[in-house]
Number of protein chains: 2
Amino acid sequence: MTKLRPKFKIVDNMMPAPVSNLKVTTRAETVFTGLRQRIVEGEIAMGSKISEPELARYYDISRSTLRDALSRLEGSGLLERKANIGYRVVTLSTEKLLELFRVRESLEGMACYLAAQNMTAAQIAELRELLADHEKNEALQQGEAYFQKAGDLDFHFKIVFGSANQLLIRLLCEELYYLVRMYRFQFGMASPRAKKAFTEHHNIIQAIEDKDGELAEILMRRHISASRLNVEKRMNTL
Amino acid sequence: MTKLRPKFKIVDNMMPAPVSNLKVTTRAETVFTGLRQRIVEGEIAMGSKISEPELARYYDISRSTLRDALSRLEGSGLLERKANIGYRVVTLSTEKLLELFRVRESLEGMACYLAAQNMTAAQIAELRELLADHEKNEALQQGEAYFQKAGDLDFHFKIVFGSANQLLIRLLCEELYYLVRMYRFQFGMASPRAKKAFTEHHNIIQAIEDKDGELAEILMRRHISASRLNVEKRMNTL
DNA sequence: TCAAACTAAATTGTCGACAATTTTGAAATG
DNA sequence: CATTTCAAAATTGTCGACAATTTAGTTTGA
């Protein structure tokens, strides 16, 4: 197993670092980010037990530092912890996925409502551009690429940010979207909806541009609800 | 400053502990709970810097253990952390309170919708009983007691649990409600609504009993939205 | 006097070791 | 053979110390 941290830090910056270097990062934070990705992508299997000594060796850090990272992952909903037992990767299930859809339906619906009030013309233009890019890429590639790739989530992200509600942004972007991505990676999302999704996204943008918050909310809720129904249908036929 | 932990643990349980003793608790967990209460009630002022050495001495634990507790508080949204700077108690503001209302409006609306589908007759009866109790107490005490005290939140809690959506329950009960209580303690919630709130709660229960999820959701959203508007109005007149 | 530079103190980040608890698995019992 | 008991091993919880970074205070220089 490869060492992930060089023994000595190479120092060649005798000159003051670039003034706006905002990346004040700590080992725990780095490991947190790394682990998050490995969990989302399933390299560390869902439901698997976390061995602190083993992971600490893997990253060549102490257990204390690792635990710092693990506690953040628990906050992100990717790990669960039991006293005196330890951490375990969250277990995915269809039932939990349906619950997640319900929560997204409600939160993103609200985000969309607020986005209609708060997004600037520039932001909306940016959103349209994003969607156009995705459509262009989609035209080239095969059917289910859009849903699988980050494209769809980019769109949802931008709207959530457009809500300008910091709490909403934190809940969705820092806690729930990593779970969403985890489901997409490991369940491979349902995507007979690839084409319909574009239309729905277009309609949502239009409602936002018209400053019609109530419509925008309804459209977003239907958009997410449709995905949920898709999963429910699939679940019942199996 | 008083020591909060006795030097020696008194051992008088030579017999096996009660079989269903599920309270496996750790020092970090205990301190977490204690700190949470002190923060919510404002004993540790909002916005104040957390001194790890000082708090560790106060609870007579090591910094590692304290940090475990602090990281959980960050997960609960009561502390904020900056790398190399440390933890700080969240700062409350009217703007953030309005954001919180928006999130509650959306999540509790959904919870209410689901509760109408999932609550059993027994649960609904329990809910009615709770409300009746509150009304009885309210009749005795002065006007604004209901809102101030835990009564109102009890009602909301029960509905959230009635949703049977574990994710929703976790988000609302573990992450957001402590913030809500913190605002009530430290801002002293607006309560010309004390009487109206009872009526609204009754109507919500009725909709749930009728299994009319859509109405239940709308009523809950209006109920919370009314509180938000109250705060907005007050904000504009100052 | 004010601001920049430097030094000392305090705070957070990280480490390794020990204690408490759980898990493993072998031995004992029926 | 299945179940229980018990001891050893492994894992998590907790501790205190050191390193890295930030903060406070003092000195210096214009």
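What you see is a predicted model, and the numbers here were worked out from it, not measured in a lab. A note on names: the letters A, B, ... follow the listed sequences, proteins ahead of strands, and every chain is numbered from 1.
- Of the inter-residue distances, the one linking Leu79(B) atom CG with Ile44(B) atom CD1 reads 8.5 Å to the nearest 0.5 angstrom.
- Looking only at distances, no side-chain donor or acceptor of Ser163(B) sits under 3.5 Å from a matching main-chain atom of Ile159(B).
- The interatomic distance linking Tyr87(B) (OH) with dT22(D) (P) rounds to 17 Å, in whole Å.
- As judged by a 4.0 angstrom heavy-atom cut-off over every strand, Ile50(B) is placed among residues touching the sugar-phosphate backbone only.
- With hydrogens and angles left out, the side chain of Ser64(B) and the base of dG13(D) share no donor-acceptor pair within 3.5 Å.
- Residue contacts for Arg63(A): at a heavy-atom cut-off of 4.0 Å it reaches a base atom on one of the strands shown.
- Rounded to whole Å, the distance from CG on Leu66(B) to P on dT14(D) is 12 Å.
- In this structure, CD of Glu52(A) is placed 16 Å from P of dA10(D), rounded to the nearest angstrom.
- Following rounding to the nearest Å, Glu74(B) (CD) and dT12(C) (P) show an atom-to-atom distance of 14 Å.
- Comparing Thr26(A) and Asn84(A) along DNA chain C, the residue whose closest nucleotide (by nearest heavy atom) sits nearer the 5' end is Thr26(A).
- One finds a salt bridge joining Arg104(A) and Glu108(A) here, because a Lys/Arg side-chain nitrogen approaches an Asp/Glu carboxylate oxygen to under 4.0 Å.
- Within the 4.0 Å cut-off from OP1 or OP2 of dC15(D), at least one side-chain nitrogen or oxygen of Thr65(B) is found.
- The shortest distance between the side-chain N/O atoms of Lys49(B) and the OP1/OP2 oxygens of dT12(C) is below 4.0 Å.
- For the pair Arg81(A) and dT11(D), the criterion of a side-chain N or O lying under 4.0 Å from OP1 or OP2 is not met.
- A straight line from CZ of Arg67(B) to C1' of dG13(D) spans 16 Å, rounded to a whole angstrom.
- With the nearest nucleotide of DNA chain D identified for both Arg27(A) and Ala83(A), Ala83(A) has the one nearer the 5' end.
- Within 4.0 Å (heavy atoms only), Leu70(B) reaches no atom of the nucleic acid at all.
- Per the geometry, CZ belonging to Phe32(B) stands 19 Å off C1' belonging to dT14(D), to the nearest Å.
- A sub-4.0 Å separation between OP1 or OP2 of dT14(C) and a side-chain N or O of Ser62(A) is absent.
- With a 6.0 Å cutoff to the six-membered ring centre and a 45° limit on the axis angle, Arg81(B) does not count as a cation-pi contact of Phe32(A).
- In this structure, Arg88(B) places its CZ atom 13 Å from C1' of dT22(D), rounding to the nearest Å.
- Atom CD of Glu29(A) and atom P of dT12(C) are 16 Å apart (whole Å).
- Judged by a 6.0 Å distance limit and a 45° cone about the ring axis, Arg38(B) is positioned over the six-membered ring of Tyr58(B).
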